[in-house]
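Working notes, structure below.
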Amino acid sequence: MQQGYKIKDIWKIALPIMIGGIAQNLVTVTDTAFLGQIGQVELGAAGNSGILYFLFVITGMGFSSGAQIIIGRRNGEKKYREIGGIVDQSFYFILPLGILLTAILFFVMPHVLEYIIHSPQIYSASADYIKVRSFGIIFAFITFALNAFYIGTTKTNVLIVSTFIMAMVNVTLDYGLIFGNLGLPKMGIEGAALASVIAEITACLFLFTFTFYKVDLEQYQLFKFLKPNKEKLVRILKVSSPIMLQSFITLGSWYIFFSLIESMGEDDLAVSHIIRSIYMVMMIPMFGLSTAANTITSNLIGENKSNLVLPTTWKIVGISVVCSLPFVLLNLLVPDEIIGFYTNSPDIIESCKETLYVISGSMFFFCLAFILFNSVTGTGNTKTSLLIEFINIVIYLTSAIFIIKYFNPRIAYVWCAEFIYFGLLALMSWYYLKYGNWRDKQI
């Protein structure tokens, strides 16, 4: 009888990523809380610009996710010496891409934002933020490539340390650079952007140094940096390009969603970014467990245990539901205290409470959908995951536009589109894992 991944095996992979997620989200929470004290314009501008930044960064993350799937497959096949070449070839693609995207963000996007943002105050703050933030892309890309190595080989403990370092640097510099504390200049929203860039550089340098000195480079043939290999790059791109496009579409839909909300008013935008910050904290278990689902699926197929993929996925779904319950209960029992961390405006708090109840209900759909969908991606059939995501995004945005245009709703009703998105995503992902032709996919 074939042995699959036990709960303790799943936790071994997911827990370090989840702990890293806590540190990562500490940054989001701190940015939102600090900038909320300056003003709603700064809060909304940093929130929207942060999404725009990650809209560019997500392309490198998508490429690294494709590399991670291949690394996981080779790890399952015990072809360890092929893994380093995958990582090295990834650098040949993501570094030029990072330079290009940095230039676009710095020189082009401030002009594009003029045609997207309605409020002159939010536009001015957004342009200031995005110019500074653009310098973090290259370092983020290097970190993604190294993360792919550790996640694909299921050695995720070091990610706790790297993310914690990034969070501590970011939070400390946020406090200094936003308000002018610790002997640092008072830079406001630009200070938040600069703090994030320095934090990304620090985390990147730590992870690269750790890998160089602590990993058996010979076992994996890592950091050999042979000349670019067209065949290997094409193989990675074949898996990763649909993920890159899929990720771009996903985060792009969030940017469109928040742009639609910005057209409703600055208060609604501030509410939504507070909710987004709380939402990101609630997502911490899902991000760790979904990454585990992705790499476990890839490893199981590499071990010729495809029949265990769906049962293991359901096991991970169950864990994610249990992990989400404490967050949901806190939202229902002490909403004022949670929202009060971000703002002391009674009107904003009341609007946030309604929306907080909506996202608390959607979390159970999120658990189901996100884990199933990441198992689909882990099969390596990324064109199918792209198609599933594209269909759902179109329906999601159409629903949001319809609600805003025809019902002039309170902000909480707009967020009800989450139920439609996650419900359909879960259904389509389950159907593919149950009946789709993925078991013999070669990558």
Side-chain angles (χ1 to χ4, degrees), residues 56-103 137-156 158-159 204-205 207-248 291 294-295 297-304 377-386 438 440-443:
F56 280 71
V57 167
I58 207 76
T59 55
M61 187 183 292
F63 183 85
S64 298
S65 294
Q68 174 195 314
I69 291 169
I70 299 174
I71 290 169
R73 184 71 64 89
R74 298 295 174 265
N75 195 61
E77 295 166 346
K78 303 190 185 307
K79 297 179 179 178
Y80 303 122
R81 295 177 68 83
E82 296 184 20
I83 290 175
I86 298 168
V87 178
D88 291 353
Q89 295 298 319
S90 297
F91 283 117
Y92 294 139
F93 180 83
I94 60 173
L95 291 178
L97 178 64
I99 293 170
L100 174 64
L101 294 181
T102 299
I137 286 184
I138 294 174
F139 300 97
F141 279 12
I142 295 171
T143 300
F144 293 152
L146 294 173
N147 284 350
F149 167 75
Y150 287 108
I151 295 170
T153 56
T154 71
K155 303 178 188 297
T156 53
V158 67
L159 303 186
C204 174
L205 291 175
L207 202 56
F208 195 90
T209 303
F210 179 90
T211 305
F212 193 83
Y213 287 105
K214 295 295 184 179
V215 172
D216 187 344
L217 303 181
E218 195 61 34
Q219 178 186 1
Y220 296 104
Q221 293 293 289
L222 187 60
F223 295 161
K224 297 297 182 182
F225 291 113
L226 304 176
K227 65 179 182 179
N229 185 306
K230 182 180 177 182
E231 182 184 344
K232 287 183 179 180
L233 276 171
V234 168
R235 188 183 299 129
I236 299 171
L237 277 169
K238 188 175 180 182
V239 177
S240 64
S241 54
I243 302 177
M244 293 166 69
L245 183 56
Q246 165 198 314
S247 301
F248 188 84
T291 302
N294 186 303
T295 197
T297 296
S298 187
N299 274 271
L300 282 172
I301 297 172
E303 296 166 11
N304 293 316
T377 306
T379 65
N381 203 345
T382 50
K383 290 181 181 177
T384 298
S385 64
L386 171 61
W438 53 267
D440 299 317
K441 173 74 175 176
Q442 299 295 316
I443 58 174

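Residue pairs meeting the side chain to side chain donor-acceptor pair (under 3.5 Å) criterion with at least one partner in residues 76-91, sequence neighbours excluded, are Arg74-Glu77, Arg74-Glu82. Among residues at least two apart or in separate chains, side chain to side chain donor-acceptor pair (under 3.5 Å) pairs with a member in residues 211-223 are Tyr150-Thr211, Glu218-Gln221, Glu218-Lys224.
Residues Ser64 and Ala145 share a closest heavy-atom pair of OG-N, 3.5 Å. Residue Phe56 comes nearest to Leu101 through the heavy atom pair O-CD1, 3.5 Å, listed as atom of the first residue, atom of the second, then distance. Minimum heavy-atom separation, Val57 to Ala140: CG1-CB, 4.4 Å. Taking all atoms of both residues into account, the shortest heavy-atom contact from Phe141 to Thr59 is CZ-OG1, 3.9 Å. Considering all non-hydrogen atoms of both residues, Pro242 and Leu386 come closest at O-CD1, 3.7 Å. The two residues Ser247 and Ile58 make their nearest non-hydrogen contact at CB-CG1, 3.1 Å.
Applying the side chain to side chain contact (heavy atoms under 4.5 Å, CB included) rule to Leu217 yields the partners Phe212, Val215, Leu222, Phe223; only residues at least two apart in sequence or on another chain are considered. Every side chain to side chain donor-acceptor pair (under 3.5 Å) that Asn75 has, sequence neighbours left out, goes to Asn299. Judged as a side chain to side chain donor-acceptor pair (under 3.5 Å), and not counting sequence neighbours, the contacts of Ser385 are Gln246. For the side chain to side chain contact (heavy atoms under 4.5 Å, CB included) test, residues two or more places apart in sequence or in another chain that qualify with Phe93 are Phe63, Leu97, Leu233, Leu237, Met244.
Atom CZ of Phe248 sits in a sparse spot, with 12 or fewer heavy atoms from other residues, nucleotides or ligands closer than 6.0 Å.
Thr297 places no side-chain N or O within donor-acceptor distance of the main-chain N or O of Thr379, the cut-off being under 3.5 Å.
Summarising the geometry, atom CD belonging to Gln68 is positioned 11.5 Å from atom CD1 belonging to Ile86; distances are rounded to the nearest 0.5 Å. Taken from CZ in Arg73 to OG1 in Thr295, the straight-line distance is 11.0 Å, to the nearest 0.5 Å. For the atom pair CD1 (Ile70) and OG (Ser240), the distance works out to 7.0 Å, reported to the nearest 0.5 Å. Remark: Ile151 CD1 to Leu146 CG distance equals 11.0 Å, nearest 0.5 Å. With rounding to the nearest 0.5 angstrom, the CD1 atom of Ile236 is 11.5 Å from the CD1 atom of Ile69. Separating the CG atom in Asn147 from the OG1 atom in Thr156 is a distance of 10.5 Å, to the nearest 0.5 Å.
Counting heavy atoms from C-beta on, the side chains of Phe139 and Leu205 never come closer than 4.5 Å.
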*After noting the C-alpha distance and the side-chain angles of Trp438 and Ile301, does the key distance pass the side-chain contact (heavy atoms from CB on, under 4.5 Å) rule?*
CA-CA 10 Å; Trp438 53 267; Ile301 297 172; 4.0 Å; yes
